[in-house]
Amino acid sequence: MDATAQDVQAIKAAQEKSQEKSQKLIQTEMVETHKALVKRIANHLAARMPASVQIDDLVQSGMIGLLEAASKYDASKGASFETFAGIRIRGAMLDEIRKGDWGPRSVYRNSRKVTEAIQKVEARLGRDARDFEVAQELEVNLDEFYTILSDLRGCRLFSFEELFDSEESRMQARSGDRGPSADIQEEKFKYALVEAIEKLPEREKLVLMLYYDEEMNLKEIGKVLGVSESRVSQIHSQAAVRLRARLHHWLG
């Protein structure tokens with residue numbers, strides 16, 4: 001190899017090294033700028049999770065998601081970095097939550113019973129099942145029914161984060177990893193989900209809107225509705241159970 005060729009290779013190697021260094025600096029800046037996003041998502045998720053789910057654990061897993069987002073972000077795909085990172089961060093936190101089977105078996109049994117009770121009552125009456133009607137179907141009093149709903153708080157069987165994981169699904173679909181039939185099924189499910197949400201009782205629909213669209217925590221929603229934080233949690237759980245009852249053909 002002559003001197004000229006060696007010079008060209010040296011220049012090319014230097015340019016690649018400089019580009020790699022610049023890219024790492026950009027990624028580091030992205031991570032530093034969006035640390036607050038990790039904490040915000042962690043606090044939002046933790047607000048409806050059992051006490052056994054620690055915010056510090058969510059933040060730690062979320063930071064890993066943020067680092068992965070910074071290394072894989074491609075601006076040409078159209079999504080802003082904050083949107084892309086938010087999906088990655090949230091996904092990493094949900095993975096961390098799924099690792100721990102913190103729902104007792106009794107909670108899972110009760111979740112199935114409540115779902116079935118709602119299905120039976122609504123099929124029989126042809127309208128939204130009221131709290132006392134579901135309680136009667138379960139053969140428990142209203143206080144016991146509310147205790148069951150409180151126990152369902154955060155149970156992964158009722159994770160709206162999983163039900164509403166549509167943004168990530170859309171990005172995966174755009175990546176070409178999924179076939180057209182999967183895309184069609186996803187669109188049908190999303191339509192069925194939106195339709196089911198629209199048919200929820202007004203208070204349940206309002207709680208979902210305030211929690212997911214406005215990103216208010218349970219305490220803030222309680223102030224808006226004039227009820228306790230625990231009652232908001234119950235309404236949230238009941239909305240989740242009702243949706244699962246109405247979407248059982250999709251969710252299995």
> Taking it one step at a time, do V38 and M93 satisfy side chain to side chain contact (heavy atoms under 4.5 Å, CB included)?
Replying inline: CA-CA 10 Å; V38 174; M93 290 179 184; 3.9 Å; yes

>> Distance to the ring centre below 6.0 angstrom and angle to the axis at most 45 degrees; does that hold for R88 and Y73?
In response: no

> Do R124 and E137 pass the side chain to side chain contact (heavy atoms under 4.5 Å, CB included) test, and can you show the C-alpha distance, the side-chain angles, and the key distance before you say yes or no?
Replying inline: CA-CA 11 Å; R124 185 167 65 243; E137 186 69 31; 3.1 Å; yes

> Is the shortest distance from a Lys or Arg side-chain nitrogen in E133 or R127 to a carboxylate oxygen in the other one below 4.0 Å?
Replying inline: yes

>> Is any side-chain heavy atom of F84 closer than 4.5 Å to one of D74?
In response: no

>> Check for me, please, whether L247 and V194 land in the same ILVMFWY cluster - side-chain distances under 4.5 Å, paths through other members count.
In response: no

> If you look at every heavy atom in F145 and A135, which pair is closest and at what distance?
Replying inline: CB-CB, 3.9 Å

>> So which atom in A85 and which in A69 form the shortest heavy-atom distance, rounded to 0.1 Å?
In response: CA-CB, 3.8 Å

>> To the nearest 0.5 Å, what is the distance between CG on L138 and NZ on K120?
In response: 9.0 Å

> Step by step, would you call N217 with N43 a side chain to side chain contact (heavy atoms under 4.5 Å, CB included)?
Replying inline: CA-CA 9 Å; N217 60 39; N43 284 318; over 6 Å; no

>> What's the separation between atom CG in L58 and atom CD1 in I89, rounded to the nearest 0.5 Å?
In response: 12.0 Å

> What heavy-atom pair brings V31 and L66 nearest, and what distance separates the two atoms?
Replying inline: O-CD2, 3.5 Å

Check: residues 200-208 side-chain donor-acceptor pairs under 3.5 Å, at least two apart:
unit_1 : atom_1 : unit_2 : atom_2 : d
E202   : OE2    : K205   : NZ     : 3.3
E204   : OE1    : R242   : NE     : 3.0
E204   : OE2    : R242   : NE     : 3.4
E204   : OE2    : R242   : NH2    : 2.8
K205   : NZ     : E198   : O      : 3.1

> How long is the gap from CZ on R244 to CZ on R112, to the nearest 0.5 Å?
Replying inline: 12.0 Å

> Hey, what do you get for CG (L218) to CD (Q234), rounding to the nearest 0.5 Å?
Replying inline: 11.0 Å

> How many angstroms lie between atom OH of Y146 and atom CG of D131, to the nearest 0.5 angstrom?
Replying inline: 3.5 Å

> Which pair of heavy atoms, one from N141 and one from E144, lies closest together, and at what distance?
Replying inline: OD1-N, 2.7 Å

> When rounded to the nearest 0.5 angstrom, what is the spacing between CG in N110 and CG in L149?
Replying inline: 10.0 Å

> Do the charged groups of D128 and R246 touch, with an N to O distance under 4.0 Å?
Replying inline: yes

> Taking only residues two or more places apart in sequence or in another chain, which ones pass salt bridge (charged side-chain N to carboxylate O under 4.0 Å, His left out) with E139?
Replying inline: none

>> Ignoring hydrogens, what is the shortest heavy-atom contact between V134 and A129? Give both atom names and the distance.
In response: CG2-CB, 3.7 Å

>> Is any side-chain heavy atom of E68 closer than 4.5 Å to one of I64?
In response: yes

> Mind checking whether H44 and Y211 have parallel, tilted or perpendicular rings, split at 30° and 60°?
Replying inline: parallel

> Nearest heavy-atom pair of T83 and S80: which atoms, and what distance?
Replying inline: OG1-OG, 3.0 Å

>> Grouping I, L, V, M, F, W and Y whenever their side-chain heavy atoms are under 4.5 Å apart, do I55 and L37 come out in a common cluster?
In response: yes

> Distance only, no hydrogens: is a donor on one side chain within 3.5 Å (strictly under) of an acceptor on the other, for S233 and S230?
Replying inline: no

> Apart from V121 itself, what residues make up its hydrophobic cluster, given side-chain heavy atom links below 4.5 Å?
Replying inline: L125

> So, do E32 and K35 sit near enough that their side-chain heavy atoms are less than 4.5 Å apart?
Replying inline: yes

>> With a sphere of 6.0 Å drawn around CD of Q136, does it hold more than 12 non-hydrogen atoms of other residues, nucleotides or ligands?
In response: yes

> Does any non-hydrogen side-chain atom of H34 lie less than 4.5 Å from one of M63?
Replying inline: no

